[in-house]
Amino acid sequence: MKEMFDQLSARCSKLTTKSYSTSFSFGIYFLGKELRQPIYAIYGFVRLADEIVDSFHNFDKKYLLEKFKRDTFEAIELGISLNPVLNSFQRVVNEYQIDHELIRLFLKSMEMDLEDQLYTEDLYQEYILGSAEVVGLMCLKVFTNGDQAEYNRLRPFAMKLGSAFQKVNFLRDVKADHQSLNRNYFPNVNLTVFCDQEKRKIEQEIEDEFKDALLGIKMLPASSRNGVYLSYIYYKKLFNKIKNLSAEKIMTERIRIPNHHKIGLMFDSMIRHKLNAI
């Protein structure tokens, strides 16, 4: 029976998430039980694509990503894939009627990472849309469970949250992106002479997006609000840590939140949620 394979596929997506991201794993744990597996499936899909472009340096990345793209849409069309993560993902896409254009935009951003890019403002916004904002919209499709009016109402806030998360990632990973992958996502910024003034400009964009995103988090259904809020406060904590360092400092080390601090943030999130204090 395919049910057994679907269960195996679900476990693979969950294991992928837990292996690559403790922060998102914590957030997913505090979603309503019925929402956890669909979000694991989305994250597993996103993670595999990201690994192709970021990690598989001794292989033909362009071929692998193109094959992954073909396999993804074939899985969605057939309702099955022998790749367990794609099998798990196609089930969510079909069940929650996730717009295929969101998937195309995401994969387009992954393709952009295959080549050296000189990011203009337009390319920067295009990359963030595809790599982060549409992922937030895929998750929102699950959170709103077919309520199109609610999805449309919350859509701008989900995009702001995805954008804020991605820009924090850019700052956190700026050293590795620049030195190991030869990437610089920030338009009109020369990372060899990255300065505090340029860093503060990026941080102000993130501050504004976090502020807007929090309004949307407060409007989410109860089943998803606490888990999304936990991810929000984790990223906000990471962002504040980055803000307190100089541009020179973040070019020399990757900033992170230790796991024991993440557990503290988790309990703070739980208390705030119970007190309706978010």
Where is the tightest heavy-atom contact between G136 and A158, given as atom of each residue plus distance? O-CB, 4.1 Å

Thinking salt bridges, do R153 and E150 make one under a 4.0 Å N-O criterion? yes

State the CZ-OH distance between R183 and Y127, to the nearest 0.5 angstrom. 6.0 Å

Could you note down all residue pairs passing side-chain hydrogen bond (donor to acceptor under 3.5 Å, both in side chains) where residues 94-107 supplies at least one of them, sequence neighbours left out? Q90-N94

Check whether the side chains of Q148 and K141 place a donor and an acceptor atom closer than 3.5 Å, and report yes or no. yes

Considering only heavy atoms from C-beta outward, does the side chain of I103 approach that of F89 to under 4.5 Å? yes

Any salt bridge between E74 and R70, counting N to O under 4.0 Å? no

Tell me whether the centres of the aromatic rings in F210 and Y232 are closer together than 6.0 Å. yes

E198 side chain near N190 side chain, heavy-atom distance below 4.5 Å: no

Side chain to side chain contact (heavy atoms under 4.5 Å, CB included) between F59 and I52, intermediate numbers included: CA-CA 9 Å; F59 301 90; I52 291 171; over 6 Å; no

Could you tell me whether D60 and K67 make a salt bridge, using a distance below 4.0 angstrom between a side-chain N and a carboxylate O? no

Heavy-atom distance under 4.5 Å between the side chains of I42 and C139, does that happen here? yes

Whether R36 side chain and L31 backbone form a donor-acceptor pair below 3.5 Å: yes

Give every residue pair that meets the salt bridge (Lys or Arg N to Asp or Glu O under 4.0 Å) criterion with at least one member in residues 8-28, sequence neighbours excluded. none

So, are D50 and R47 salt-bridged, with charged N and O less than 4.0 Å apart? yes

Test E207 against K211 for salt bridge (Lys or Arg N to Asp or Glu O under 4.0 Å), laying out the working first. CA-CA 6 Å; E207 286 274 19; K211 189 180 299 183; over 6 Å; no

